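Comments concern the structure below.
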Amino acid sequence: MSDRLFNFSAGPAILPEPVLETAKNALWTFGDTGIGILEHSHRGAAFTKVIEEAEANCRTLAGVGDDFDVLFLQGGASTQFFMIPMNWLGGGTANYINTGTWSKKAIKEAKLFGTANVAASSEDENFSYVPTAADLKWAPDAKYAHYTSNNTIAGTQFSYVPDSGEGVPLICDASSDIFSRPIDMKKHDMVYMGAQKNLGPSGLALVIVRKSMVESAKAELPSMLQYRIHAKAGSCFNTPPTFGIFIMGEVFKWILEQGGLSAIEEMNEAKAKLIYDFLGESKMFSGTARADSQSRMNVTFLASNEELNSQFIKEATAKGLPGLKGHRSVGGMRASIYNAFPHAGVVALVDFMKSFETKNS
Ligand SMILES: *Cc1c(COP(=O)(O)O)cnc(C)c1O
């Protein structure tokens, strides 16, 4: 790891080292073009190849064909929160599953364009669990249903794909667990994410959306806010975030080199298990997420009192384990261990937790 730390930041987050090495060189001159990747025209041959390759590798990972569009958009995941209802809600009703801060923000935006029916919510327990399929109370005749597959702040994750019902498109905010495990796109009509957790730089959003949905969207909207326009222009309606797309493309290649999504899932499960197993046996630390809802990406946990939480974060940071402070709505600690987070970093964290517990009890 040389001079780089095990960075537990929730986002922007750690990226694969080979990708950073490639980017470092590409900044100066991209391949043998004599022009840096930041300086290439988005309409030139070099960048066209970059975006086409990124799209093709994304399709391979997601397992989607020509019936889906792959779009590289701007404004992060938060822009999708309003673009979705703006394009498809039209005064109607949409179903939302409320599993955390990000779901709530999506619901707030939807209300600007129609009715957001909350099909189930875990807010009663500070979002520490994911409602079961049996808990979902769908409103009839919904334009779409929306859920957040991994709740970055609460440290919970869906272990099933909600069934939105016949003819109701299912939309997923997968910002913090995209391509961390196989994804069944047959059950989804749109999956979107901000890039900065698992895929690249902040500001860029990836949208994988069924073509039939794009065609059914409202047309009387500003051009930049229409999926249709971006799809038709191959994400180059205006100047796209070229550097972000380049990095994302390199991350896709890296995932494929790791053996694809099943291999990545196995690695992620092994990493998360190390921490959850220790939390299960520790007398000082405990996880905040219900056992059946634990996230493989963001592990949230508490020490036995507030003072120990602060001391733990301070000492971990000093030891070269930064980014462990939990979100203020949950408190305590959060270890974000996305795809690119090394196994050795998780081992270092658990070793540190063990020695901290021994020293302070
Ligand atoms: C980080 C995050 C967002 C917000 O992403 P931005 O790119 O900052 O808009 C939305 N949803 C989830 C699940 C997230 O983790």
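These numbers come from a predicted model, not from an experiment.
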Just checking, is any N or O donor in the side chain of [X] or [Y] under 3.5 Å from an acceptor N or O on the other one?
| X | Y | value |
| --- | --- | --- |
| Thr33 | His40 | yes |
| Gln74 | Thr79 | no |
| Ser295 | Asn150 | yes |
| Ser336 | Asn298 | yes |
| Asn198 | Asp177 | no |

Do [X] and [Y] sit within salt-bridge range, that is, some charged N less than 4.0 Å from a carboxylate O?
| X | Y | answer |
| --- | --- | --- |
| Lys359 | Glu315 | yes |
| Asp67 | Lys211 | no |
| Glu17 | Arg4 | yes |
| Glu269 | Arg181 | no |
| Lys253 | Glu250 | yes |
| Lys24 | Glu21 | yes |

Expected output: side-chain [X] to main-chain [Y] donor-acceptor under 3.5 Å:
| X | Y | value |
| --- | --- | --- |
| Asn126 | Ser128 | no |
| Gln258 | Trp254 | yes |
| Ser235 | Phe72 | yes |
| Thr29 | Gly36 | no |
| Trp138 | Asp163 | yes |
| Asn151 | Ile153 | no |
| Glu53 | Val50 | no |
| Asn87 | Leu221 | no |
| Gln226 | Ala219 | yes |
| Arg59 | Phe68 | yes |

Check: [Y] and [X] side chains under 4.5 Å, non-hydrogen atoms:
| X | Y | value |
| --- | --- | --- |
| Met193 | Leu199 | yes |
| His327 | Arg334 | yes |
| Met353 | Ser282 | no |
| Phe252 | Leu61 | yes |

Next on the checklist: Rounded at 0.5 Å granularity, tell me how far CD in Glu39 sits from OG in Ser41.
Outcome noted: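 Glu39 atom CD to Ser41 atom OG measures 12.5 Å (nearest 0.5 Å).
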[X] with [Y], same ILVMFWY side-chain cluster at under 4.5 Å:
| X | Y | answer |
| --- | --- | --- |
| Leu20 | Leu5 | no |
| Ile171 | Val191 | no |
| Leu27 | Ile51 | yes |
| Ile245 | Phe179 | yes |

For the residue pair [X] and [Y], categorise the inter-ring angle as parallel (less than 30°), tilted (30 to 60°) or perpendicular (more than 60°).
| X | Y | answer |
| --- | --- | --- |
| His188 | Tyr147 | parallel |
| His230 | Phe237 | perpendicular |
| Trp102 | Phe81 | tilted |
| Tyr144 | Tyr96 | perpendicular |
| Phe278 | Phe285 | tilted |

Checklist entry - Can you check whether Phe352 and Phe312 have ring centres sitting under 6.0 Å from each other? => result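 When the ring centroids of Phe352 and Phe312 are compared, they turn out to be within the sub-6.0 Å range.
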Item to check | Reference residue Trp88; test ring-ring contact (aromatic ring centres under 6.0 Å, His included); the match among Tyr227, Phe113, Phe82 | outcome: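 Result: among Tyr227, Phe113, Phe82, Tyr227 is the only option passing the ring-ring contact (aromatic ring centres under 6.0 Å, His included) with Trp88.
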Surrounding [atom1] of [X] (heavy atoms of other residues, nucleotides or ligands, distance under 6.0 Å), is the total greater than 12?
| X | atom1 | value |
| --- | --- | --- |
| Glu307 | CD | no |
| Gln311 | CD | yes |
| Asp292 | CG | yes |
| Arg43 | CZ | yes |

If you compare all heavy atoms of [X] against all heavy atoms of [Y], which two are closest, and at what distance to 0.1 Å?
| X | Y | answer |
| --- | --- | --- |
| Arg228 | Glu215 | NH2-O, 3.2 Å |
| Ser175 | Ala77 | OG-CB, 3.3 Å |
| Ala133 | Tyr160 | N-OH, 3.3 Å |
| Met213 | Pro169 | SD-CB, 3.8 Å |
| Leu324 | Ala316 | CD1-CB, 3.7 Å |
| Ala10 | Thr152 | O-CG2, 4.4 Å |

Item to check | Identified side-chain hydrogen bond (donor to acceptor under 3.5 Å, both in side chains) counterpart of Tyr129 within the set Thr156, Thr99, Asp135, Asp124 | outcome: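 Testing each of Thr156, Thr99, Asp135, Asp124 against Tyr129, the sole residue satisfying side-chain hydrogen bond (donor to acceptor under 3.5 Å, both in side chains) is Asp124.
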Checklist entry - What's the verdict on salt bridge (charged side-chain N to carboxylate O under 4.0 Å, His left out) for Glu123 and Lys104, showing C-alpha distance, side-chain angles and the deciding distance? => result CA-CA 10 Å; Glu123 194 163 13; Lys104 264 177 94 161; 2.7 Å; yes
Next on the checklist: Walk me through whether Phe47 and Phe30 qualify under ring-ring contact (aromatic ring centres under 6.0 Å, His included).
Outcome noted: CA-CA 10 Å; Phe47 182 73; Phe30 177 54; 8.8 Å; no
Item to check | side-chain hydrogen bond (donor to acceptor under 3.5 Å, both in side chains) between Gln157 and Ser293, worked out | outcome: CA-CA 6 Å; Gln157 189 172 22; Ser293 308; over 6 Å; no
